[in-house]
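Input: a single structure, listed below in structure tokens.
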Amino acid sequence: MDNALNQPVSVIKGIGAETESNLELMGITTVGDLLGYYPYRYEDYRLRDLQDVRHDERITVEGRVHSEPSLIFYSRKRSRLSMKVLVGQFLITVVFFNQPYLKKKIQIQDEITVTGKWDQNRQTIIAQEMKTGSAERASLFEPVYSIKGKMTVKSLRKYIKTAFSEFGAKIEDTLPESMLAAYKLFPKRQAMYAMHFPTSEREVKFARRTIVYEEFLNFQLKMQALRKFEREHSHGQAIHYKLPELKKLIHSLPFALTAAQKRVVNEICADMKSPYRMNRLLQGDVGSGKTVVAALALYAAVTAGFQGALMVPTEILAEQHAKSLYKLLEPHGAVVSLLTSSVKGKRRKALLEQLKNGEIDVLVGTHALIQEDVDFHRLGLVITDEQHRFGVEQRRVLREKGISPDVLFMTATPIPRTLAITVFGEMDVSVIDEMPAGRKEIETYWVKHHMLEKVLGMVEKELEKGRQAYVICPLIEESEKLDVQNAIDAHAVLTRYFGDRYKAGLMHGRLPNEEKDAAMKAFSHNDIQVLVSTTVVEVGVNVPNATMMVIYDAERFGLSQLHQLRGRVGRGDEQSYCILLADPKTEIGKERMKIMTETNNGFVLSEKDLELRGPGDFFGKKQSGLPEFKVADMVHDFRALETARKDAQKLIESETFWHAPEYRRLRANLKESGVLEGEKLD
Ligand code: ADP
Ligand code: MG
């Protein structure tokens, strides 16, 4: 931003010390901040046709009052004023809560305009605003700002207006003219002004497009620069794997790789061969066959004389993976070992010795693998399963040991493409978007809780066939606040129900790790047939004999989580079932249950999940690390995001970007973000 815009807001006429501190509360300290303090939405006062409005939508309609308004008081402060209103050919109800004084203003036969929330079932508007007479307004689009403290929207708008007249001329374009023309964007000044003072919906749309694209482009330039510098400054190792040996392994598999698997193996191998350090994310739905891909990559490293490591979040998973890698790789001469906390004393010492000597080719374990006293002979590739649990810290540890192996992150939580290219924008992404042929689709049913008896009958039928079942509850124990099923109660109920015919075990997050492991082991050995659990079973657990997944209060879980839970069954050859017990009260809740029964595709679900919950919730608060955009919305402006990414990629690789005057401001922003100094590089 221009220097003039970096001045404190107090240089604006009419803004004194008090207003200055009020504005500061809202994060506004400079003129530029104020000009860029955009409305978070626009109130749409255009009249709507009741034929195309949806339930819960906020709408404005015009009509004639058709019945005497009736007023009821529930208490001194709480009241309800209601009347029938004829809107077009529809007779609807209009209700005002706690605005008793309106009764005097509204007469039967009056023409009124009301704005409020539409209740489709009751054919009622819960009105917040009303005006007698017809709908004429100064503006049909009124910006809505979030304000704090003593600030009012009216004065905020006044300050913004003054700021524009005094400093608007100082706003300069960040984007080069060629881009503005190519994408039909507004010059920045015009865009910023229209955000605050739009004259039409169309104008808002164009203004928004401009701001959104600029936000995305700046962000993506940062990501792409980061990626370029990581590549060029990282001292990776060129892993010259032996293709014929790799092919031999592929041909020995009991199945043919899917086209998607082949593609990602090629992508990974190309990275390994290059002297840059690989930093790649491998996404694939539950059961899409990531383990084989991992095995092939590890084996490729081994054929080049390197070692490989596979890190997973839990010991159970480590054992599972070690077993399958052993089966796949040992016949081809690769030595696979498992390192967990139960490997102790002499055995551990011997194992570490072998690792250091290079006698072990592939080591599987939890993240303890790369820490402490573990030294590799020649580590070339690290693969981590379930990307969310590994990260920056582990990479730092490796770096400090002086190793920069290629790193591949695998995740079964399908991350919507939208998020993948933003959050992991500095990584390369490979996607297995195809399931092995011949899989039996899990059958998913949504039933209400009062059908529990029937559900238990279905469970019993599966148990009779020798199969096993999971029962998932949202809570561990009873809660006063929430009326939802808890694992401890459900465990008691099921234990009683199945008597001594079948055994039910209990697992939840508050149990010590050993008890969790014990419960899991007992279930995988079929010592217990029903595992009642909270969502701690979510991650990667593989018990192919389990064919039944029952989820209590399923509406309380997000779609991605439900999908992960469902992915615990359907892992063997048998037909599997997932039963969602849910009485959702909201439309979104119902929609979620419906989608679950309609698709088994994790990517479709994750896109939906993102749509329904928003990106902040998708990753959970703690690990969000999502970039913040003022105006742009990663979900709805997804196309712009893609375009910006492609453009950024091209720019970063081009000579002109680094020299041409028209990119001066974009370069300056990049510099400000610290990327060019290499500050954020590792
Ligand atoms: P993920 O880790 O992606 O959930 P896995 O790698 O565990 O999936 O694979 C699930 C199952 O599918 C395994 O039993 C595996 O042997 C099998 N599998 C993997 N790839 C194929 C393929 N191309 N064709 C048939 N079965 C496959
Ligand atoms: Mg897996």
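As the structure lists them, so they are numbered: ligands from 1, and atoms in each ligand from 1.
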Take a 6.0 Å sphere around CZ of R639 and say whether it holds more than 12 heavy atoms from other residues, nucleotides or ligands.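 No, the 6.0 Å shell around CZ holds no more than 12 heavy atoms from other groups.
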Under 4.0 Å from a heavy atom of [X]: give me the atoms of ligand 1 that qualify, with their elements.
X: V292; value: 19 (C)
X: D285; value: 3 (O)
X: L257; value: 23 (N)
X: T291; value: 2 (O), 5 (P), 6 (O), 7 (O)
X: S288; value: 3 (O), 8 (O)

How about M278 and I268: do any of their side-chain heavy atoms sit closer than 4.5 Å?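 In short, these two side chains touch, coming nearer than 4.5 Å.
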Heavy-atom proximity to atom 24 (N) of ligand 1, best of P436, A437, P254: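 Considering heavy atoms of P436, A437, P254, the nearest to atom 24 (N) of ligand 1 sits in P436.
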Would you check whether A256 reaches within less than 4.0 Å of ligand 1, judged by its heavy atoms?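 Yes, that is the case, since the closest heavy atom of the residue is under 4.0 Å from the ligand.
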Would you say I432 touches ligand 1, if touching means a heavy atom closer than 4.0 Å? no
Side chain, backbone, both or neither: which applies to T258 and ligand 1 if a contact is any heavy-atom pair less than 4.0 Å apart? both
Give a yes or no on whether the backbone of [Y] and the side-chain of [X] come within a donor-acceptor separation of less than 3.5 Å.
X: Q283; Y: T411; value: no
X: D406; Y: L381; value: no
X: Q307; Y: I360; value: yes

Do ligand 1 and G287 have nitrogen or oxygen atoms that lie under 3.5 Å from each other?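 In this structure, G287 places an N or O atom under 3.5 Å from an N or O of ligand 1.
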With L408 as reference, evaluate K290, R280, M272 under the side-chain contact (heavy atoms from CB on, under 4.5 Å) test and give the passing residue. R280
Applied to residues 325-336, the side chain to side chain donor-acceptor pair (under 3.5 Å) test, sequence neighbours excluded, yields S252-H332
